[in-house]
Amino acid sequence: MNSSSGKTIIITGGAGFIGSHVVRLFVTKYPDYRIVNLDALTYAGNLENLLDIEKAPNYFFEKTDILDTQAIDEIFVKYQPHGIIHLAAESHVDRSILSPLDFVYTNVIGTVNLLQAARKHWTGQFDDKRFYHVSTDEVYGALGETGLFTEETRYDPHSPYSASKAASDHFVRAYHDTYGLPIVLSNCSNNYGPNHFPEKLIPLFINNIITKKPLPVYGDGLYTRDWLFVKDHALAIDKVFHHGRNGQTFNIGGFNEWRNIDLVKLLCKQMDEKLGNAPGTSEPLITYVKDRPGHDRRYAIDATKINQELGWAPSVTFEEGLSQTIDWYLQNTAWLENVTSGVYQQYYAEQYSKR
Ligand code: NAD
Ligand code: DAU
């Protein structure tokens with residue numbers, strides 16, 4: 001889809017972590033587009049993530065659940081969108097282990113609802129349309145010591161979260177093959193950065209270092225993830241949305257593998273420096289706890305295709321991105337306090353008290 005003016009793009013999940021960075025990028029980079037943020041505002045959705053752009057004339061917000069087929073229908077009629085960038089999802093693996101059905105509803109059925117709406121409203125008018133499904137590298141399962149996930153890697157999901165994302169990917173491709181719906185997909189590695197909800201490793205540990213709570217490392221701590229700064233993911237999504245060939249999938253990653261325990265030690269070191277602590281203050285907070293069931297040993301992305309076809313590459317080094325991320329949390333203590341009050345405490349107790 002080219003970037004000619006006057007397009008209307010619905011971004012689902014735009015009040016969440018990655019979605020808010022995508023919304024900001026599109027609202028500021030494409031003033032001629034109408035950007036509609038469609039989000040149910042679950043525990044993970046937060047309009048405080050978008051305060052700086054909420055008054056932009058090309059920004060619109062619709063508080064809508066993707067499970068509400070009638071509301072989705074009305075939004076298609078109201079905005080007549082040219083494109084959907086679909087990020088809305090239940091996104092946390094540990095929560096999927098506690099409540100798998102929530103993931104089936106939102107990630108699978110919610111995605112099919114959106115596909116149905118696009119099929120119904122775009123019928124026969126596919127030329128300037130695009131349905132972009134944002135997915136995860138977790139659909140590919142776990143790697144051993146070596147190797148990388150490519151776009152051809154066989155799907156092998158292990159958690160209810162990754163199984164639900166895999167199912168949604170299959171439905172998106174099925175709508176392309178069966179109905180000709182114009183689609184693109186991307187499967188990305190672990191993101192980090194500002195606005196990340198403190199249930200995930202990096203923001204949870206930043207919050208626990210600030211509040212001097214234990215840092216619960218699952219299992220032996222030797223699990224490996226490939227970390228990408230969230231703003232680089234947003235730039236990749238921009239490239240894929242505008243220039244990815246119809247029907248194609250792109251893997252997105254940071255070429256940046258870290259074992260959890262090494263990452264946590266780097267985080268402790270950077271936090272101690274920024275908090276003015278004596279070196280070594282935070283590391284003793286590290287506590288090895290019971291492992292996550294079905295824990296995937298290693299993820300690592302081969303991002304050659306998006307690099308060669310679309311000219312995308314990560315632009316922020318991990319040390320620089322982590323430093324920017326910590327600074328953001330230290331400067332946004334009100335944001336952190338708001339999202340860690342109330343129901344967050346219940347989740348935390350359920351997730352960590354028996355480990
Ligand atoms: P997030 O949990 O921070 O945000 C999800 C957003 O979706 C929230 O704003 C929430 O309110 C909204 N949402 C949830 N259920 C909804 C529903 N039924 N209807 C409408 N809105 C709903 O998630 P994130 O980490 O920003 O991830 C966004 C997308 O990117 C997800 O699809 C996820 O699978 C994918 N992804 C995430 C990562 C990562 O590292 N975080 C990596 C690769 C892919
Ligand atoms: O790979 C992409 C995926 O990355 C996304 O699709 C998911 O939405 C996102 O949540 C993320 O999944 P992970 O499970 O890899 O992220 P998380 O931050 O939950 O965990 C990262 C690693 O840290 C993982 O090996 C589990 C471990 N961990 C996590 C938490 C929350 C701990 O050791 N302790 C913890 O308390």
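In this chain, numbering begins with 1 at the start of the sequence shown.
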Could you tell me if the side chain of [Y] sits less than 4.5 Å from the side chain of [X], heavy atoms only?
X      : Y      : result
Asp39  : Phe61  : yes
His121 : Pro81  : no
Phe250 : Glu309 : yes
Lys290 : Lys354 : no
Thr249 : Arg173 : yes
Ile210 : Ile206 : yes
Ile209 : Cys268 : yes
Val23  : Tyr59  : yes

Counting neighbours of [atom1] on [X] that are heavy atoms of other residues, nucleotides or ligands and sit closer than 6.0 Å, is the number greater than 12?
X      : atom1 : answer
Lys269 : NZ    : no
Gln345 : CD    : yes
Glu48  : CD    : yes

N/O donor-acceptor pair under 3.5 Å between [X] side chain and [Y] backbone:
X      : Y      : value
Thr333 : Leu330 : no
Ser189 : Asp226 : yes
Thr12  : Leu87  : yes
Thr28  : Leu25  : yes
Asp128 : His82  : no
Thr111 : Asn107 : yes
Asn187 : Thr136 : yes
Asn307 : Trp312 : yes
Asn190 : Trp227 : no
Asn37  : Phe60  : no

*For the residue pair Phe126 and Trp122, categorise the inter-ring angle as parallel (less than 30°), tilted (30 to 60°) or perpendicular (more than 60°).*
perpendicular

_Can you tell me how the ring of Trp328 sits relative to the ring of Trp335, calling it parallel under 30°, perpendicular over 60° and tilted otherwise?_
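Aromatic pair Trp328/Trp335 classed perpendicular.
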
*Qualifying side-chain hydrogen bond (donor to acceptor under 3.5 Å, both in side chains) pairs, either residue in residues 203-212, two or more places apart*: Asn208-Tyr348

*Stepwise side chain to side chain donor-acceptor pair (under 3.5 Å) test for Arg34 and Thr8*: CA-CA 5 Å; Arg34 290 197 303 171; Thr8 297; 3.0 Å; yes

Just checking, is any N or O donor in the side chain of [X] or [Y] under 3.5 Å from an acceptor N or O on the other one?
X      : Y      : result
Glu74  : Gln70  : yes
Asp302 : Thr150 : no
Tyr132 : Ser186 : yes
Lys200 : Ser91  : yes
Gln116 : Tyr175 : yes
His133 : Ser168 : yes
Tyr33  : Asn58  : no

*Only counting residues at least two apart or in another chain, list the ones meeting ring-ring contact (aromatic ring centres under 6.0 Å, His included) with His196.*
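Checked His196 against ring-ring contact (aromatic ring centres under 6.0 Å, His included); matches are Phe17.
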
*Establish, for the pair Arg225 and Tyr192, whether the NZ or CZ atom is under 6.0 angstrom from the six-membered ring centre and no further than 45 degrees off its axis.*
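Because its charged atom misses either the 6.0 Å distance or the 45° angle limit, Arg225 does not stack over Tyr192.
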
*His92 and Phe197: aromatic ring centres closer than 6.0 Å?*
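They do not qualify: ring centres at least 6.0 Å apart.
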
*Criterion side-chain contact (heavy atoms from CB on, under 4.5 Å) on Phe131 and Leu114, from CA distance to verdict*: CA-CA 9 Å; Phe131 190 109; Leu114 289 169; 3.9 Å; yes

*CD1-OG1 distance between Ile261 and Thr224, expressed to the nearest 0.5 angstrom*: 12.0 Å

_Sequence neighbours excluded - ring-ring contact (aromatic ring centres under 6.0 Å, His included) pairs with any residue from residues 278-302_ = Tyr223-His295

*Between Arg95 and Glu199, does at least one N-O distance fall below 4.0 Å, as a salt bridge requires?*
yes

Shared ILVMFWY cluster between [X] and [Y], side chains joined below 4.5 angstrom?
X      : Y      : result
Leu204 : Phe229 : yes
Val230 : Ile326 : no
Val108 : Ile72  : yes

*asked:* Pair Arg297, Asp220 - check salt bridge (charged side-chain N to carboxylate O under 4.0 Å, His left out), show working.
replied: CA-CA 11 Å; Arg297 194 61 167 169; Asp220 61 6; 2.8 Å; yes

*Of the options Asn195, Asp52, Asn49, which is the one that meets Arg24 in a side-chain hydrogen bond (donor to acceptor under 3.5 Å, both in side chains)?*
Asp52

